[in-house]
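Quick note: numbers below take in every heavy atom, side chains included, and nothing from hydrogens, waters or symmetry partners.
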Amino acid sequence: NEPFCFLDIGANQGLFSLIAGQNAACQSIVALEPVPDTHQRLSANLELNGLSDRATALNFGLSEKAETRTITLSKAHSGMATLGTHADQFRAENSEIMVKLATMTEVMQHLPEGLPIFVKIDVEGHEEVVIRQLLGSSVARRIMAIFYEQDDRWSDNGAITSVLHSSGFERLHQYGRGLHYDVLAVPNPLMGLRPSDLNGT
């Protein structure tokens, strides 16, 4: 019910950004998608749904350093692009391209000041790196929740949980069963969001 920014990391074609955009309290959407063709679809979907005035589609991924890296694409599903080494588990034919990666320093240039941030992450095995970047940045105390996709076949859930707990995200709610599921991480209410955090200081 309160104004917030939606940060969509691994936006694919923008489904979660479009859902966030239906919330009147969502004042800003910042969506990251490193694959150029998928980024074009993301941008088009945001425009078609009337979100161009409050949404920014960035054509890079978030990582621990700014560089270009090889990403593996599945021809069966645009949401299965991965920087990881588990692409051999794809059931369909795949290909590789080079994509741009950036750190939180570049992402923060696009985040509005003074708003709590709801983060969604779907990065096919790169979750721990992304979460460390987020929680090690100056906007960490503005993050109201992190909703991320987890697959135990190629991500270390224990390591991710440890990083979240060490930053005060003590409430983890799991959705789904088996090896592939989603997690909503919420900070301890005692942490709170300090006025200085929301003012960008």
Side-chain angles (χ1 to χ4, degrees), residues 5-14 16-17 28-46 55-90 92-113 117-143 146-164 166-167 183 185 200:
C5 169
F6 185 71
L7 177 56
D8 192 350
I9 303 174
N12 193 9
Q13 299 183 30
F16 278 84
S17 287
S28 175
I29 297 169
V30 178
L32 280 62
E33 174 50 54
V35 179
D37 288 348
T38 308
H39 174 264
Q40 288 182 4
R41 295 187 185 98
L42 166 66
S43 298
N45 282 334
L46 293 171
T56 302
L58 303 173
N59 190 199
F60 60 78
L62 177 61
S63 197
E64 70 270 34
K65 61 181 179 179
E67 61 179 353
T68 56
R69 274 179 60 182
T70 300
I71 194 168
T72 304
L73 312 177
S74 168
K75 292 189 176 181
H77 193 320
S78 63
M80 293 178 66
T82 180
L83 294 166
T85 59
H86 59 274
D88 57 345
Q89 298 185 34
F90 289 168
E93 185 180 352
N94 57 74
S95 60
E96 295 181 346
I97 62 170
M98 299 296 291
V99 295
K100 177 184 176 181
L101 301 178
T103 66
M104 275 301 294
T105 300
E106 184 164 350
V107 175
M108 287 189 297
Q109 297 176 19
H110 303 275
L111 296 176
E113 294 185 2
I117 304 167
F118 189 106
V119 183
K120 168 257 174 181
I121 303 170
D122 184 353
V123 289
E124 301 299 315
H126 207 55
E127 291 80 13
E128 183 181 349
V129 172
V130 167
I131 290 171
R132 286 186 183 277
Q133 275 290 304
L134 284 165
L135 299 182
S137 73
S138 61
V139 301
R141 289 293 298 271
R142 289 168 53 192
I143 297 175
I146 300 174
F147 185 70
Y148 65 95
E149 182 186 67
Q150 169 66 27
D151 196 307
D152 291 339
R153 292 170 295 180
W154 46 72
S155 292
D156 186 343
N157 188 46
I160 295 172
T161 298
S162 178
V163 172
L164 289 166
S166 66
S167 296
V183 179

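You'll find the side chain of Met98 reaches within 4.5 Å of the side chain of Thr70, heavy atoms only. Between Pro36 and Asn59 the shortest side-chain heavy-atom distance falls below 4.5 Å. Taking the side chain as every heavy atom from C-beta outward, Leu58 and His110 approach each other to under 4.5 Å. Ile29 is not listed as a side-chain neighbour of Phe16, based on a closest heavy-atom distance of 4.5 Å or more. In this structure, the side chains of Ile121 and Ile146 come closer than 4.5 Å at one or more pairs of heavy atoms. You'll find the side chain of Leu134 reaches within 4.5 Å of the side chain of Leu7, heavy atoms only. Counting heavy atoms from C-beta outward, Ser28 and Val30 have side chains that approach closer than 4.5 Å. Looking at Glu128 and Ser155, their side chains never come closer than 4.5 Å, going by heavy atoms from C-beta outward.
For the pair Asn45 (side chain) and Gln13 (backbone), a donor-acceptor distance under 3.5 Å is present. Side-chain atoms of Asn12 never come within 3.5 Å of backbone atoms of Gly14 as a donor-acceptor pair (strictly under, hydrogens ignored). Not a single donor-acceptor pair under 3.5 Å links the side chain of Ser162 to the backbone N or O of Gly158.
Across all their heavy atoms, Met108 and Ser138 have their closest contact at SD-OG, 3.3 Å. Heavy atoms only, all atoms of each residue included: Val130 and Leu62 are closest at CG2-O, 3.5 Å. A pairwise comparison of heavy atoms in Arg69 and Ser63 identifies NH1-OG, 4.1 Å as the closest pair. Closest non-hydrogen pair, Pro34 versus Val99, comes out as O-CG1, 3.5 Å. For the residue pair Ala66 and Thr103, the shortest heavy atom distance occurs at N-CG2, 3.7 Å. A pairwise comparison of heavy atoms in Ala140 and Leu135 identifies CB-O, 3.5 Å as the closest pair.
How far CZ of Arg132 is from CD of Glu64: 10.5 Å, rounded to the nearest 0.5 Å. Atoms CG and CZ, from Asp122 and Phe147 in turn, are 9.5 Å apart once rounded to the nearest 0.5 Å. Between the NE2 atom in His126 and the OH atom in Tyr148 there is a gap of 15.5 Å [rounded to 0.5 Å]. The line from CE of Met104 to CG of Leu111 is 5.5 Å long, rounded to the nearest 0.5 Å. For the atom pair Leu42 CG and Asp37 CG, the distance stands at 12.5 Å (nearest 0.5 Å). Of the inter-residue distances, the one linking Ser137 atom OG with Ile143 atom CD1 reads 5.5 Å to the nearest 0.5 angstrom.
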Checklist entry - Passes side chain to side chain contact (heavy atoms under 4.5 Å, CB included), Trp154 versus Glu124? Steps please. => result CA-CA 8 Å; Trp154 46 72; Glu124 301 299 315; 4.1 Å; yes
Checklist entry - Could you go step by step and tell me if Ile9 and Lys120 meet the side chain to side chain contact (heavy atoms under 4.5 Å, CB included) rule? => result CA-CA 6 Å; Ile9 303 174; Lys120 168 257 174 181; over 6 Å; no
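For Glu106, the salt bridge (charged side-chain N to carboxylate O under 4.0 Å, His left out) criterion is met by Lys100, not counting sequence neighbours.
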